[in-house]
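What follows is a set of notes on a single structure, which appears directly below.
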Amino acid sequence: MTLGTRPSPTGTLSAECTLALRPDYPDMHSKCSRTRDIPLPHSHGILLVHRCGCSCHARAGGIR
């Protein structure tokens, strides 16, 4: 990552999904609570919390 650039918020993983990438914690995907974008109240298009960018949330059933 170069100075002045940040990863895309939708491309970042939650702490739970980051931990689930390790072999000893495969069930941590089910603990992720960042399954949707949460808007800032009374704002237009500003997000308070971005959803997790993990591919496990893109599946038909949501969290695996």
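In this text the structure is predicted, and so the values were computed from the model without any measurement.
One hydrophobic cluster, built from ILVMFWY side chains closer than 4.5 Å, holds both Leu40 and Ile38.
Atoms NE2 and SG, from His29 and Cys52 in turn, are 8.5 Å apart once rounded to the nearest 0.5 Å.
Contact between Pro39 and Leu47 at its shortest, heavy atoms only, is CA-CD2, 4.0 Å. Cys17 and Ser14 make their closest contact through N-OG, 3.1 Å (heavy atoms, listed as atom of the first residue, atom of the second, distance).
Checked options Leu13, Thr35, Thr18; the residue passing with Cys54 is Leu13 (criterion: side-chain contact (heavy atoms from CB on, under 4.5 Å)).
In this structure, Asp37 contributes its side chain and Arg51 its backbone to a donor-acceptor pair below 3.5 Å.
Side chains of Thr12 and Arg34 form a contact here, defined as non-hydrogen atoms less than 4.5 Å apart.
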